[in-house]
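Residue numbers count from 1 along this sequence. Side chains included, hydrogens not; waters and symmetry mates left out as well; all remaining heavy atoms used. Whatever order the structure lists ligands and atoms in, that order sets their numbers, starting from 1.
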Amino acid sequence: MPSPNEILAELKKVKYPGFTRDIVSFGIIKDIEVAHAGVTVILTAATAKPDVIEKIVADVKAAVAAMPDVPAVEVRIEQPPPSAAHRAAPPQAHRDIPGVKHIIAVASGKGGVGKSTVAVNLALAMRARGWRIGLMDADVYGPSIAMMVGVEKAVSLTPERRIIPLERFGIRYVSMALFVDSETAIIWRGPMVTKLEAEFLFNVEWGNLDCLVLDLPPGTGDAQLTITQRVALAGGVVVTTPQDIALIDVKRGVEMFREVNVPVLGVIENMSYYLCRKCGKRHEIFSHGGGARYASELGVPFLGELPIVRELREGGDNANPIVAANPRHPVSIAFGEIAARVIDQIEHPNAREAAERG
Ligand SMILES: Nc1ncnc2c1ncn2[C@@H]1O[C@H](COP(=O)(O)OP(=O)(O)OP(=O)(O)O)[C@@H](O)[C@H]1O
Ligand SMILES: [Mg+2]
């Protein structure tokens, strides 16, 4: 019997009726179940047109049935639930991870704002304050944490086939990228990745941690929402840059956490100003301070701002993050202050809620 992955690869050859794109990249494959009795492909109804749905079902059936050792094929169409119900988090879906005291997620409304850089250095700064920290790169498509902390070696499993996290700079970490090669990552687009990711988290032997930091994929779509729904999060951090265009996304990030009832620990403004290496002075490049203003408009804490410094990028590229490499650097000190605020927020949620109520 073929694996779900092989079936997905086969379905990639099926075109969406009337389009040159295939049905997999359309994101309509919700799930593939391979059982003794046969294969079940679950599709989301991307259209209300019955003839299109019929054609897709027939094509999927034909494609899967043509694969060797497939005794039967069933195709099920899942109707999208009404949108409000779809977005609201069912409380029982929130799960704890045994041994892990708190889980926080680092998100951004858009890509490239330095979310992974912040996640790594924040994790290290929390570690420097004595917390036992785990870090998970939940971004299958942009696996940056592995590069930033410099671990490429193969991952080992316990006899129960649980994943043993890698350790560097005193933090434990795991990246989806270590398990998903780039080709698979491209095929596994859409809801299946999300499902995989959420499950993945629970299959890691984290041991005892004070906090697990999740570096979410950029954006605030379904993938992010699913993870924030499945795991019991102590809070979310939103990273932004000072440009107006990025700041609009802060709202989206904050709203994403609010939708699933996850407290927003605060907003971090990255690449806020330029810190000159030579003169040590700060130069305002963008009209900085927008992050603080937006945070206050949205009623969430502002955690701090981080300058643009070359060492921060170099640290990322050379697998030597600045907080570990140079704890006395002004940026490392800024991370330390942010970490202290994050820790305080996690430890005193009641104070935060009281402040939010005004
Ligand atoms: N404050 C900073 N100063 C200088 N360079 C920075 C700073 N923050 C991030 N960078 C650099 O900007 C680039 C993007 O950062 P990073 O990969 O952390 O962003 P991201 O939001 O995680 O991106 P993606 O959306 O691709 O996941 C990297 O090369 C990083 O080293
Ligand atoms: Mg990233």
Is K110 close to ligand 1, meaning an N/O of one under 3.5 Å from an N/O of the other? no

Under 4.0 Å, counting heavy atoms only: does S108 come that close to any atom of ligand 1? no

Can you tell me if S272 and E269 form a side-chain donor-acceptor pair at under 3.5 Å? yes

Where's the contact between T117 and ligand 1, heavy-atom distance under 4.0 Å: side chain, backbone, both or neither? both

Under 3.5 Å, is there a donor-acceptor pair linking the side chains of N326 and S332? no

Test: K110 and D249 ion pair at under 4.0 Å: no

Where does P217 meet ligand 1, judged by heavy-atom distances below 4.0 Å: at the side chain, the backbone, both, or neither? neither

Test your reading of the structure: does V309 have an N or O sitting under 3.5 Å from an N or O of ligand 1? yes

Check S116 against ligand 1 and report side chain, backbone, both or neither, counting heavy atoms closer than 4.0 Å. both

So if I apply the side-chain contact (heavy atoms from CB on, under 4.5 Å) rule between C211 and each of V342, I343, I133, which one comes out positive? I133

Hydrophobic cluster membership, I77 vs I56, 4.5 Å side-chain cutoff: yes

With clusters defined by side-chain heavy atoms of hydrophobic residues (ILVMFWY) lying less than 4.5 Å apart, directly or transitively, does I97 cluster with L214? yes

Is any N or O atom of P218, backbone or side chain, closer than 3.5 Å to an N or O atom of ligand 1? no

Using heavy-atom distances only, which candidate in L312, V106, V239 approaches atom 2 (C) of ligand 1 most closely? L312

Looking only at distances, can you tell me whether any N or O atom of N270, backbone or side chain, sits closer than 3.5 Å to an N or O atom of ligand 1? yes

Over 12 foreign heavy atoms within 6.0 Å of NZ, K15: yes

Is there a nitrogen or oxygen of V113 sitting under 3.5 Å from a nitrogen or oxygen of ligand 1? yes

Ligand-residue contact atoms, ligand 1 with G111, heavy atoms, under 4.0 Å: 25 (O)

List the steps, then state whether salt bridge (charged side-chain N to carboxylate O under 4.0 Å, His left out) holds for D22 with K13. CA-CA 6 Å; D22 65 279; K13 298 175 192 157; over 6 Å; no

Short check: any N/O/S atom of S116 below 2.8 Å from the Mg ion (ligand 2)? yes

Steps toward salt bridge (charged side-chain N to carboxylate O under 4.0 Å, His left out) verdict (D51, K55): CA-CA 6 Å; D51 52 327; K55 173 92 171 84; over 6 Å; no

N or O contact, L306 vs ligand 1, cut-off under 3.5 Å: no

Any nitrogen or oxygen of P307 lying under 3.5 Å from a nitrogen or oxygen in ligand 1? Just yes or no. yes

